[in-house]
Amino acid sequence: MKTFCGRANPSTGALDWVEESEEYDYHQEIARSCYADMLHDHDRNKKYYQGIRAAVARVKARGEKVIILDIGTGTGLLSMMAVTAGADFCYAVEVFKPMAEAAQCIVEKNGFSENIKIINKHSTDVTVGPDGDMQMKANVLITELFDTELIGEGALPSYEHAHQNLVQEGCEAVPHRATVYARLVESELLWSWAQLQPAEVEGVRLAPPPAVAHCAGAHAVCDIQLSQVSPHSFTPLGPLCSMFSVDFSKPVSSAFQSHSSQFVAQSGGRAQVVLSWWDLDMDPSGSIVCTMAPSWTYPQPKMAPWRDHWMQSVYFLPVESRVREGEELSLTVCHDDYSLWYSLQPHSQQDLPSEAPPSRPCCTCQAHLVWTRPRFGELNDRRRTESYVRALRSVLREDSVCLGVSDGSLLPVFAHMIGAKKVLFFGPSDASRFSLQVLEWSESKACLFQISVLMGEPYFSTSLLPWHSLFFWYCRTALAGLLQPRAAILPCSATLHMVAVEFQDLWRIRAPCGTCEGFDVTPMDEMVQRSLDFRESREAEPHPLWEYPCRALTQATAVMTFDFTQCVPQQPISSQGSIGRCHGVALWMEYHLTDDITSFSDQFSVRHRKQGVYFFRSPCESSGDGRAAVSYSFTFEPSLGDIKMDFSV
């Protein structure tokens, strides 16, 4: 069965009605999952295996049968480890039906059907008893319910329910304990992702409105590959603090809690950001530790394991505050059942009777609800601002009438400060209604004036891939009747670039696993590949490549150029070529503000926007050394607003 789905086209602004299979969402969920990434995480797998062996041995030493409850079993890997370690029986719970079916196939393929029961339910719906899903309560609890923030996938409620209903009192748990760590730092780079900073234009300091400047911001965690943030980008103001621990072998509460850590400031500065990660102790003694610490905390950073399913967290304090070296401080973390937030107080205020636990930060200015954190960083990029100001200065005249077309852009403000006669702004944030908006807007304005400068960054909140910002071109075309004959278009053009790359680690998220820790998991590989082949394997994916190091194997190639001084053409634009052997390609856009000023390149070092990544996945695209020798064909379809890519050996 197929259904018609309405989707806003991010490039054209049109509402496209497309016929989709009823399995589309199912395949997309699997294709974009991180199951392969987890199975490629040898450090995680090894530590779990060691912890499971130790837990099974402790139960057997007490003369008890070992009954396992594995919540969030995924492929069934941890349950198979438990049986191999000597467990008598495992109840493996997996709520996602396709994954539960794959786990059943994997368990059967590896010969564990008699010892492992796959239960396709949420753990809170599992029943115990003669007619229940489990015949008896378990005495070993194994889980992998964690995300970058530790508790963001609902780990606490699941543990709470399991201890109340599914496991015996005094059970063993793998992992046994989790500990959350935090460090207070000053960082101009990271803070630029949280708050709009003043900018200088034509010698005038442009400050954000008080409502924005004094807003506490969004409370949601910023999860990144902190290993790729150089220690030179921040100044530690205090030591690494152990904020709180959760013992998973005992009853767990999902209720609100707060924890504080007192310390003396190691240096003076602006308290802005909290860097955080967590460790898992797989056994009670803490001798088997799986840590999420960034690589720069290791004596040998190259020895740090890479993982994308668990990263590190950045939290922005509600208020920036000055601290003095030697000052006594108290860092407080609060959490509910799904999220954490931090606050900082002088130690002298911590024990005041009237002090209530810090409330969750909440955006009151709306900007943090509209702009992403990379967008804040982009708006705060001084070099980028200088490029736009120079470009505007070169095209503006005293009688210029300017129209800005971008979402939440400061260009109209810059144009006004430089001296444009009139500045208007059109923010087509709802792409599906853009054509109607342009028609209504142009009818109301056409008799009043014509536009001499059309400007855009371009930035649109609906853009995911670099070329989605070609929406600016479609806006320019729709507004053609309002433009003066010699109107300046800024940017005047854009170029799509491509380079063949070898990824240091990112390839793991799409690579088949085959055998994992001695267990055959090919049914999962086949399930993921089927979902990738449904659509995803023929499309590029957005990734921030500054977080994922790769090595360029070729010189960057300009694949296509788009001339914004002209309307969108009726005919397709095509490009062909070859790029030699590689694991995949990275793609980005360069926007040329004027003939000699390029606003920015979405290259690997740019932290504000994502690049497009096309992985070569199928066997026919790979040579013996895992790298493909490929030719390419790119076609820009004006009617679709999309770039079709075809790669072949």
*In terms of ring plane angle, is the pair Tyr315 and Tyr342 parallel, tilted or perpendicular, where the classes change at 30° and 60°?*
tilted

*Which value, rounded to the nearest 0.5 Å, describes the distance between Ile509 atom CD1 and Asp308 atom CG?*
6.5 Å

*asked:* Hydrogens and angles aside, do Ser452 and Arg486 bring a side-chain donor and acceptor to less than 3.5 Å of each other?
replied: no

*asked:* So Leu587 and Leu465, do their side chains get closer than 4.5 Å, heavy atoms only?
replied: no

_Could you tell me if Thr594 and Ser394 have a donor-acceptor pair between their side chains, going purely by distance under 3.5 Å?_
no

*Do Arg373's NZ or CZ and the ring of Trp193 fall within the cation-pi criteria of under 6.0 Å and 45°?*
no

*Say you draw a straight line from CE of Met498 to CD of Gln611; how long is it, rounded to the nearest 0.5 Å?*
15.0 Å

*Quick one: does Leu317's side chain get under 4.5 Å of Val273's, heavy atoms only?*
no

*Close side-chain approach of Thr635 to Ile573, heavy-atom, < 4.5 Å*: no

*Give the intermediate values and the outcome of side chain to side chain contact (heavy atoms under 4.5 Å, CB included) for residues Glu457 and Arg384.*
CA-CA 10 Å; Glu457 300 187 29; Arg384 180 176 178 275; 2.3 Å; yes

*For the atom pair NE2 (His592) and CD1 (Ile489), what is the distance rounded to the nearest 0.5 Å?*
15.5 Å

*Working to the nearest 0.5 Å, report the span between CZ of Phe564 and SG of Cys492.*
9.0 Å

*Are more than 12 heavy atoms from other residues, nucleotides or ligands located less than 6.0 Å from atom CD of Glu188?*
no

*Worked check of side chain to side chain contact (heavy atoms under 4.5 Å, CB included) between Lys421 and Glu398*: CA-CA 6 Å; Lys421 177 182 178 181; Glu398 290 183 357; over 6 Å; no

*May I ask you to test the Arg607-Glu547 pair for a side-chain heavy-atom distance under 4.5 Å?*
no

*Do the non-hydrogen side-chain atoms of Tyr632 and Asp646 ever get within less than 4.5 Å of each other?*
no

*Taking the side chain as every heavy atom from C-beta outward, state whether Phe425 and Ser409 have any atom pair closer than 4.5 Å.*
yes

*Does CZ in Arg393 sit with more than 12 non-hydrogen atoms of other residues, nucleotides or ligands closer than 6.0 Å?*
yes

*Would you please say whether a donor-acceptor pair under 3.5 Å links the side chains of Glu320 and Gln272?*
yes

*Between atom OG of Ser187 and atom CG of Leu275, what is the distance when rounded to the nearest 0.5 Å?*
7.5 Å

*Side chains of Asp407 and Ser461: donor-acceptor distance under 3.5 Å anywhere?*
yes

*Checking side chain to side chain contact (heavy atoms under 4.5 Å, CB included) for the pair Phe562/Val568: CA distance, chi angles, key distance, verdict?*
CA-CA 9 Å; Phe562 309 95; Val568 176; over 6 Å; no

*Between atom CG of Leu411 and atom CE of Met455, what is the distance when rounded to the nearest 0.5 Å?*
6.0 Å

*Evaluate the side-chain proximity of Gln504 to Arg551: yes if any heavy-atom separation is below 4.5 Å, no if none is.*
no

*Sole candidate of Trp371, Trp191, Phe316 that passes ring pair (Phe, Tyr, Trp, His ring centres under 6.0 Å) when paired with Phe376*: Trp371

*Which is it for Phe615 and Phe503 under the side chain to side chain contact (heavy atoms under 4.5 Å, CB included) test, yes or no, and what are the steps along the way?*
CA-CA 10 Å; Phe615 293 99; Phe503 293 105; 3.9 Å; yes

*With side chains defined as the heavy atoms from C-beta onward, is the minimum distance between Leu410 and Leu379 less than 4.5 Å?*
yes

*So does Arg382 pair up with Glu200, basic N to acidic O under 4.0 Å?*
no

*Do Phe647 and Phe634 have ring centres separated by under 6.0 Å?*
yes

*Under 6.0 Å between the ring centres of Phe460 and Phe472?*
no

